[in-house]
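Worksheet for the structure shown next.
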Amino acid sequence: MKIISTKAIFSFLILLSFFSCERELEEPMQTVGLDYISLRIGGQWEYEVSQTIYFGENDSEDSNFFYRDRIRTVFINDAKEQVFIIQRSKSEDRSNWVKEKDYTLLVREGNIVRTIDNQPIVILIESIRDGATWDGNKYRGQNSDEFVAKRVGDTSSELFQIEQEDSDDQITFRDIRYESYEKGIGMVELYYEVLTYCSRNDCLGEQLIDSGSKIHMKLLNYESE
């Protein structure tokens, strides 16, 4: 009878551990509360985007294009959290795509955190329900920013609009931001409008836009993998 050496057994255990880790990364466990974000490797979303950038009074630039967000991989960080890496590409015609950036999504303490350009925001919570509130800036080290979940439609609707801000004093600033999520799909709409009005004596209260930007993203196509 051939005796297997201790070295061979040790090597086998290391190899087995390696493949177990790979499986964990390729097939991450899903949490029930993630129904409205749909984290699957290979999943992708295509959005129609309209954007306006304001440089000053009567000076702005409009553009229309497309974004494609694709979950390309996932890894385990030092805190044992699954970190999903999403690649965002941009196109003018939905045919020729150019990578614009990577950003991440992860679940931390029941919060779904999206980090773009090193700015983490809690976009959703696992226990999502109509009227639920949370601090969107929980992990940013800034003043708290209350987000509110509002169900769109009747009680059977599977679409939530997350109101991040809805303010307009019609004198100095306008700040309207929201995102909408549909069960089994993820984000289906994003609206961001943050502006400052002219505050000089000769234009105060006339809502003349001094600076800011507006962006509207609407889902065109979704593929689960």
With a 6.0 Å cut-off on ring centres, are Tyr47 and Tyr67 close enough?
no
Whether the side chain of Trp45 engages the backbone of Met187 through a donor-acceptor N/O pair (distance < 3.5 Å, no angle test) should be reported.
no
Please lay out, stage by stage, how Ile76 and Gln82 fare under the test side-chain contact (heavy atoms from CB on, under 4.5 Å).
CA-CA 5 Å; Ile76 307 299; Gln82 293 181 15; 3.6 Å; yes
Near Asn201 CG, under 6.0 Å, is it more than 12 heavy atoms from other residues, nucleotides or ligands?
no
Are Val148 and Ile125 joined in one hydrophobic group, where the rule is that I, L, V, M, F, W and Y side chains link up if heavy atoms are under 4.5 Å apart?
no
From CD (Gln161) to OH (Tyr181), nearest 0.5 Å
11.5 Å
Is there a donor-acceptor contact under 3.5 Å linking the side chains of Tyr197 and Glu206?
no
Can a donor-acceptor pair be found, under 3.5 Å and without considering hydrogens, that links the side chain of Arg151 to the backbone of Ser157?
yes
Got a donor-acceptor contact below 3.5 angstrom from the Asn111 side chain to the Val113 backbone?
no
May I ask you to check whether over 12 heavy atoms, not counting those of Asp93, lie within 6.0 Å of atom CG?
yes
Run the side-chain contact (heavy atoms from CB on, under 4.5 Å) test on Thr115 and Leu106 for me, step by step, so that the C-alpha distance in whole Å, both residues' side-chain angles and the decisive distance to 0.1 Å come before the verdict.
CA-CA 9 Å; Thr115 301; Leu106 63 82; 5.8 Å; no
Can you tell me if Asn77 uses its side chain to pair, donor with acceptor, with the backbone of Ala79 under 3.5 Å?
yes
Show, in sequence, the C-alpha distance, side-chain angles and deciding distance for Tyr192 and Met217, and conclude whether the side-chain contact (heavy atoms from CB on, under 4.5 Å) test is met.
CA-CA 9 Å; Tyr192 173 100; Met217 298 170 53; over 6 Å; no
Full working for side-chain contact (heavy atoms from CB on, under 4.5 Å) between Glu46 and Phe66
CA-CA 7 Å; Glu46 286 189 19; Phe66 303 93; over 6 Å; no
Cluster check Val152, Ile162: I/L/V/M/F/W/Y, side chain < 4.5 angstrom:
yes
Quick one: do Leu159 and Tyr191 end up in the same hydrophobic cluster if we chain Ile, Leu, Val, Met, Phe, Trp and Tyr together by side-chain heavy atoms under 4.5 Å apart?
no
State yes or no: do Leu39 and Ile116 share one hydrophobic cluster built from I, L, V, M, F, W and Y residues joined by side-chain heavy-atom distances below 4.5 Å, directly or via other members?
yes
Pair Asp102 + Arg72: basic N to acidic O under 4.0 Å:
yes
Determine whether a donor-acceptor pair (N or O, by modelled atom type, separation under 3.5 Å) exists between the side chain of Asp35 and the backbone of Gly184.
no
Got more than 12 heavy atoms from elsewhere within 6.0 Å of CG, Asn58?
no
Can a donor-acceptor pair be found between the side chains of Glu109 and Tyr139 at a distance below 3.5 Å?
yes
For Ser91 and Asn96, which I'm curious about, is there any donor-acceptor pair between the side chains at under 3.5 Å?
no
Determine whether more than 12 heavy atoms belonging to other residues, nucleotides or ligands lie under 6.0 Å from atom CG of Asn143.
no
At what distance, to the nearest 0.5 angstrom, does CD1 of Ile185 lie from NZ of Lys183?
12.0 Å
Side-chain heavy atoms nearer than 4.5 Å, only ILVMFWY residues, links allowed to pass through others: does that put Ile215 and Val194 together?
yes
Close side-chain approach of Phe147 and Ile121, heavy atoms under 4.5 Å:
yes
Do Asp62 and Thr52 pass the side-chain hydrogen bond (donor to acceptor under 3.5 Å, both in side chains) test, and can you show the C-alpha distance, the side-chain angles, and the key distance before you say yes or no?
CA-CA 4 Å; Asp62 296 323; Thr52 303; 2.7 Å; yes
Indicate whether the side chain of Glu48 and that of His216 have a donor and an acceptor atom separated by less than 3.5 Å.
no
